[in-house]
Amino acid sequence: MHMGIRATWNMGPVVHAGAWQGLCQSNVPHTATPHELIVPCASLKAAVSACKKCTRWEQSLKLLVIMKHAALRAEHVTCSVIISSCEKGAEWQMAVAVFSMMGWATMGANAIICNTTISACGKGAKWQRALIWLTYMELNALEIGIVTYSVAINACEKGAKGSRALFLLTAAGLAVLEADTISYNSTISACAKGAEWQEALVLLATMGQVVLKPTVVSCSAAITASGRGANWQMALLLLTTMSTTILEANAVSYNAAINACEKAVKWQQALVLLAAMNKTILESNNISYNAAISACAKGAKWQWAAELLIAMEQAMLESDTISHSAAISACANGGQWEQAFKLLSAMGKAALEPNTISYNAAINACEKCGKWRQALVLLAAMGRLLLKPNSISLNAAISSCEHDGVWQRALQLLATIDQHALEANDITYCAAISTCAKAIEWRKALVLLTDMSQVLLEPNYNCYCAAISACEKGAEWQK
């Protein structure tokens, strides 16, 4: 084995690098490497480079350890390549570890190595770490260029830190660095994720002033920002503006606009956009339909939600758990508990696994129609499927008991809070108090009101109203 490694050096560094990669994957002890093998340093560098190309960051690290044991000096380029392989593998911890190991090489980090480390932290959604390394560069007087700011901004975008990204973009300008389109796009996207839609729109307008042409990515991010800021009109205006320029809106642009309409409960506009997509060369996808179904759910348009599920099948798109859960929510908001049950059952036939959200939507449908028996059946089914009910599940189930005044069931459900490792909230107690009021169990209602203070809950207006109603119905208004 060792003779084979030595022999491959004469066959060229690429072949030798491949042999080294095989050695790293084998069980040969690292302790044998520096003493028993003839290891030209150029060969190790070639091996490191080969590992980077095939994103084998584990092998890169092994080679770094081999170099350390062999007392070989790792140059900036070698360490940069190793950190880059970690960055490509989204292994930010390993990238930072390699950065720390550079101390044995008696050399300091350069801007390229720092930039790659910042990028690795960004891919790992560790924006704080990325900014720490940026500070490291400042303290060590390393050159901070537009690439540095771009990767740091991208890290902030991954962490939805719009204000941080804006600060960095501004800092780049103050440093007389010309930010590129990628930097602006990342900052706009960061503002979108941070619900800072006004800032996103200002940035989009600023791009034209600094002689940068907005791209489809820029506009799509601005549409997303507008949607998250509940400004669906601006989202549609941006989408329309794209069609009047040389930019062609893509599926991402339309999906962002449909999502904006969904958040604003503008189901008609969502359906219009979905239809517009289908009339173009753009192919609508699950995201498009799910957003439209969700918009119909918020608008209590359960018939349209059901039609969209059928349309997905006709478009050869596989509906998923999100699609069905949104349609069940539409049935709940439309007071159609039987349709909700049918859709929940259809999920099993379609080999889809209902989740807690699916069951919560169905229980909510039962609650709105006062079908407490069916709600309890669904709650029990969750346990059999090893789905953990949450406070939404129990609150809806307790509320369903109010219609028929089955206060005993409501109190039994309330007693299971600890069993499910949940914390009751004011909604939970208000639902139970309202159920007692319906059954004219004013004493129980007052006990529940007192119990709230014992679990450090402050009764709200609805809780007091429900308790007063219970006393009124029981002719105990003096209480």
Side-chain angles (χ1 to χ4, degrees), residues 300 302 328-329 331-341 344 354 356-385 387-479:
W302 64 273
I328 293 171
S329 291
C331 295
N333 293 334
Q336 300 292 322
W337 71 271
E338 290 172 314
Q339 289 295 329
F341 259 66
L344 190 65
T356 302
I357 296 175
S358 313
Y359 272 92
N360 284 353
I363 293 173
N364 189 41
C366 296
E367 179 260 326
K368 290 184 182 296
C369 298
K371 300 296 179 180
W372 63 272
R373 290 184 179 85
Q374 287 78 3
L376 296 186
V377 167
L378 290 172
L379 199 62
M382 290 181 72
R384 289 194 298 273
L385 294 172
L387 290 174
K388 186 180 179 181
N390 55 23
S391 57
I392 296 174
S393 320
L394 287 173
N395 290 349
I398 292 172
S399 292
S400 68
C401 297
E402 180 183 353
H403 185 270
D404 289 337
V406 284
W407 60 274
Q408 300 96 330
R409 291 287 189 181
L411 296 186
Q412 287 172 4
L413 288 170
L414 184 62
T416 65
I417 288 288
D418 293 335
Q419 175 188 332
H420 294 294
L422 299 172
E423 290 186 5
N425 53 30
D426 54 348
I427 298 174
T428 313
Y429 275 93
C430 188
I433 293 171
S434 295
T435 303
C436 292
K438 180 81 174 186
I440 319 178
E441 289 290 335
W442 61 271
R443 291 183 178 85
K444 296 292 183 182
L446 293 180
V447 168
L448 289 172
L449 195 65
T450 304
D451 288 346
M452 290 186 71
S453 60
Q454 295 178 359
V455 293
L456 304 179
L457 284 176
E458 184 70 28
N460 58 25
Y461 176 78
N462 292 330
C463 294
Y464 280 113
C465 286
I468 291 171
S469 176
C471 294
E472 179 186 15
K473 291 177 181 177
E476 295 289 338
W477 58 271
Q478 297 94 335
K479 300 292 181 182

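Model, not experiment: these values are computed from the prediction.
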Could you tell me which non-hydrogen atom of [X] sits nearest to which non-hydrogen atom of [Y], and how far apart they are?
{"X": "Ala365", "Y": "Ala340", "value": "CB-CB, 3.8 Å"}
{"X": "His403", "Y": "Gly370", "value": "CB-CA, 3.5 Å"}
{"X": "Leu422", "Y": "Pro389", "value": "CD1-O, 3.6 Å"}
{"X": "Leu449", "Y": "Pro459", "value": "CD1-CB, 3.9 Å"}
{"X": "Arg409", "Y": "Leu376", "value": "CD-CD1, 3.9 Å"}
{"X": "Trp442", "Y": "Ala470", "value": "CB-O, 3.4 Å"}

[Y] side chain reached by [X] side chain, heavy atoms, under 4.5 Å:
{"X": "Ser358", "Y": "Leu344", "result": "yes"}
{"X": "Leu394", "Y": "Thr428", "result": "no"}
{"X": "Cys471", "Y": "Leu446", "result": "yes"}
{"X": "Leu378", "Y": "Phe341", "result": "yes"}

Quick one: [atom1] on [X] to [atom2] on [Y], what's the gap to the nearest 0.5 Å?
{"X": "Cys366", "Y": "Leu379", "atom1": "SG", "atom2": "CG", "result": "10.5 Å"}
{"X": "Met382", "Y": "Thr356", "atom1": "CE", "atom2": "OG1", "result": "4.5 Å"}
{"X": "Ile328", "Y": "Gln336", "atom1": "CD1", "atom2": "CD", "result": "13.5 Å"}
{"X": "Ser329", "Y": "Ile357", "atom1": "OG", "atom2": "CD1", "result": "8.5 Å"}
{"X": "Tyr359", "Y": "Ser393", "atom1": "OH", "atom2": "OG", "result": "11.5 Å"}
{"X": "Lys371", "Y": "Glu338", "atom1": "NZ", "atom2": "CD", "result": "7.5 Å"}

Under a 3.5 Å distance rule, please check whether [X] uses its side chain to pair with a backbone N or O of [Y] as donor and acceptor.
{"X": "Asn390", "Y": "Ile392", "result": "yes"}
{"X": "Ser469", "Y": "Cys465", "result": "no"}
{"X": "Ser399", "Y": "Ala396", "result": "no"}

Item checked: Residue Lys368 excluded, over 12 heavy atoms near NZ under 6.0 Å -> yes
Margin query: Just checking Glu423: does its CD atom have more than 12 heavy atoms from other residues, nucleotides or ligands closer to it than 6.0 angstrom?
Written below: no
Note to self: Could you go through Met452 and Asp426, starting from their C-alpha distance and side-chain angles, then the distance that decides it, and tell me whether this counts as side-chain contact (heavy atoms from CB on, under 4.5 Å)?
What the structure shows: CA-CA 8 Å; Met452 290 186 71; Asp426 54 348; 4.1 Å; yes
Margin query: Against Trp407, only a single residue in Ile440, Ile433, Leu448, Thr435 fulfils side-chain contact (heavy atoms from CB on, under 4.5 Å); can you say which?
Written below: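 Between Trp407 and the candidates, side-chain contact (heavy atoms from CB on, under 4.5 Å) is satisfied uniquely by Thr435.
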